[in-house]
Amino acid sequence: MAALTPQDFAKDFEDGMKFVDRKDYIKAAESLKKAAEHGHVEAQFYLAGMYADGQGVKKDYQQAMHWYRKVADQGFAEAQFNLGVMYYKGQGVTQDYEQAVHWYNKAVEKGDALAQYTLGLMYEKGQGVTQDYKQAVSWYGKAAEQGIAQAQYKLGVMYEEGNGVVQDDEQAVFWYSKAAEQGVVHAQFKLGFMYDNGIGVPQDTQQAVFWWNKAAEQGDVEAQNNLGVMYDMGLGVPRDYIEAHKWFNIAGAGGKWFKVAGEWVNNIAGMGDDADIGSGLGIVESFMTPAEIAEAQRRASEWMKKHKK
């Protein structure tokens, strides 16, 4: 029987990826495992991910760690970053922030942007390292320059609060804008706030409405409430009690829909004690006819049905 060649294992990898494309994860895992066991690095990396996600195999974080480590030891930044994540979360191993930092540092040596951002978080929180806002800003900055949206948002926060840098509202707006344009909901809300109050930018209520609308559409309850106020008072938009009522309704009265980890949930009690959320509903109703209130309720109901996943 002829010995198997590296080309045979490369074919196993190619077959595995074809099965992934077809969403036949069981066959994909079988093919990738054959290639991985004979040293095919990409197969090892993808197999690790399948064990971590439970795709085609029973979820097994220890197996994921095993295969990620093989790839990480060969200097691959993505695997090093993923090892750091697993140490951070305690998946397949005892949670260990110092080991997480160790592997993130390995990945940043290769310029891995996600590792740069995550190191920023570790330094900001003092997890696995001594808390150091300047180091946090440094790592956020590197990741932000590579386009990591959450790093851009965090850098904006650091500039707004003056943590690790000289406080600078214009720089805060600059980085919030970068993150907001990439869809970061907190950055969109912050940017709306900055425009509404003229902080770091000339006051511009139309821009405030624009960004709060972006955040509101992603489920940010404060942005929804603020839109209600803007329509109620005619700030940045023509006064429109129906739209005001709709947004107050969405924010607080008809049930608080908001997004957590990509999923919409309804949790009135869990929203906290902010009595202002949706509180304009009763006030704005005093200026409306029953037909207008019914139309506002219809719009709110339609919005919630459309956005509920």
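Computed from heavy atoms alone, side chains included, the values below leave out hydrogens, waters and symmetry copies.
Judged by distance alone, with hydrogens and angles left aside, the side-chain atoms of S138 form no donor-acceptor pair with the main-chain N or O of K134 at under 3.5 Å. Side-chain atoms of N105 come within 3.5 Å of backbone atoms of V101 as a donor-acceptor pair (strictly under, hydrogens ignored). A donor-acceptor contact shorter than 3.5 Å is absent between the side chain of E285 and the backbone of I293. Side-chain atoms of Q131 come within 3.5 Å of backbone N or O of E124 as a donor-acceptor pair.
Taking CD1 of I26 as the start and OG of S31 as the end, the distance is 12.0 Å to the nearest 0.5 Å. The CG atom of D232 lies 11.0 Å from the CE atom of M230; values are rounded to the nearest 0.5 Å. Here K246 contributes atom NZ and Q224 contributes atom CD; the two are 9.5 Å apart, rounded to the nearest 0.5 Å. Going from atom CH2 of W139 over to atom CE of M122 covers 13.0 Å, rounded to the nearest 0.5 Å. How far CG of N82 is from CZ of R69: 13.0 Å, rounded to the nearest 0.5 Å. The distance from atom CE of M194 to atom CG of D169, rounded to the nearest 0.5 Å, is 4.5 Å.
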(request) Take L281 and H245, measure what side-chain contact (heavy atoms from CB on, under 4.5 Å) needs, and give me the verdict at the end. (result) CA-CA 6 Å; L281 192 65; H245 189 290; 3.4 Å; yes
(message) The test is salt bridge (charged side-chain N to carboxylate O under 4.0 Å, His left out); show your working for R299 and E243 and say whether it passes.
(response) CA-CA 8 Å; R299 292 184 191 180; E243 278 297 295; 2.8 Å; yes
(request) List the steps and the verdict of side-chain contact (heavy atoms from CB on, under 4.5 Å) for K110 and F76. (result) CA-CA 8 Å; K110 314 272 188 323; F76 286 82; over 6 Å; no
(message) Working note: T94 + Q99, criterion side-chain contact (heavy atoms from CB on, under 4.5 Å); need CA distance, chi angles, decisive distance, verdict.
(response) CA-CA 10 Å; T94 302; Q99 274 295 304; over 6 Å; no
(request) Just do the salt bridge (charged side-chain N to carboxylate O under 4.0 Å, His left out) check on E295 and R298 with the steps written out, would you? (result) CA-CA 5 Å; E295 171 60 15; R298 184 194 68 77; 2.9 Å; yes
(request) Mind running side-chain contact (heavy atoms from CB on, under 4.5 Å) on H102 and K106 for me, showing each step along the way? (result) CA-CA 6 Å; H102 168 79; K106 291 279 190 185; 3.7 Å; yes
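When side chains are defined from C-beta on, Y133 does not count as touching Y123, because their heavy atoms never get closer than 4.5 Å. A heavy-atom distance below 4.5 Å is found between the side chains of L32 and M50. F248 is not listed as a side-chain neighbour of I283, based on a closest heavy-atom distance of 4.5 Å or more. Inter-residue side-chain proximity for W247 and N225 is flagged as unmet; no heavy-atom pair is nearer than 4.5 Å. Residues K33 and E37 meet the side-chain proximity criterion, which asks for heavy atoms closer than 4.5 Å. Side-chain contact check for K59 versus D53: every heavy-atom pair is 4.5 Å or farther apart. When side chains are defined from C-beta on, D60 does not count as touching H66, because their heavy atoms never get closer than 4.5 Å. Between Q150 and Y117 the shortest side-chain heavy-atom distance falls below 4.5 Å.
Within the structure, no pair that satisfies the salt bridge (Lys or Arg N to Asp or Glu O under 4.0 Å) test touches residues 73-87, not counting sequence neighbours.
Contact between I242 and A296 at its shortest, heavy atoms only, is O-CB, 3.4 Å. Closest of all the heavy-atom pairs between A107 and A77 is CB-O, 3.6 Å. The shortest non-hydrogen separation linking A29 to L47 is O-CD1, 4.1 Å. Of all non-hydrogen atoms in M158 and A136, the two that sit nearest each other are CE-CB, 4.1 Å. Considering all non-hydrogen atoms of both residues, A48 and A64 come closest at O-CB, 3.4 Å. Of all heavy-atom pairs spanning A43 and A35, the tightest one is CB-CB, 3.6 Å.
Remark: F174 pairs with no residue by the ring-ring contact (aromatic ring centres under 6.0 Å, His included) rule, at least two apart or across chains.
In the displayed structure, Q74 atom CD is contacted under 6.0 Å by more than 12 heavy atoms of other residues, nucleotides or ligands. When the shell of 6.0 Å around OH of Y46 is examined, it contains 12 or fewer heavy atoms from other residues, nucleotides or ligands. With a 6.0 Å radius and a threshold of 12 heavy atoms from other residues, nucleotides or ligands, Q203 has its CD atom above the threshold.
Note on W103 and I148: separate hydrophobic clusters, where clusters join Ile, Leu, Val, Met, Phe, Trp and Tyr whose side-chain heavy atoms are under 4.5 Å apart, directly or indirectly. Both V157 and V201 are assigned to one and the same hydrophobic cluster, defined by single-linkage of ILVMFWY side chains at heavy-atom distances under 4.5 Å. Note on W211: it does not cluster hydrophobically with L155, by side-chain heavy-atom contacts below 4.5 Å among ILVMFWY residues. V108 and Y97 fall within a single hydrophobic cluster, where Ile, Leu, Val, Met, Phe, Trp and Tyr side chains are chained together by heavy-atom contacts under 4.5 Å. Residues Y140 and Y104 share a hydrophobic cluster, clusters being chains of Ile/Leu/Val/Met/Phe/Trp/Tyr side chains in contact below 4.5 Å.
With N226 as the partner, the side chain to side chain contact (heavy atoms under 4.5 Å, CB included) test is satisfied by one option alone out of Y231, F193, F189: F189. Considering Q152, E160, H186, Q188 as possible partners of Y176, the one that fulfils the side-chain hydrogen bond (donor to acceptor under 3.5 Å, both in side chains) test is E160.
Between Y25 and F19, the ring centre distance reaches or exceeds 6.0 Å. Note: F45 and Y68 meet the aromatic proximity criterion, with ring centroids under 6.0 Å apart. Ring centers of Y61 and Y51: at least 6.0 Å apart, outside the cut-off.
With no hydrogens or angles considered, a side-chain donor-acceptor pair links E217 and H307 at under 3.5 Å. Under 3.5 Å, the side chains of Q182 and Y153 contain no donor-acceptor pair of N or O atoms. No hydrogens or angles considered: a donor-acceptor pair under 3.5 Å links the side chains of E161 and N163.
Using a 30° and 60° split on the angle between ring planes, F13 and H40 fall in the parallel class, below 30°.
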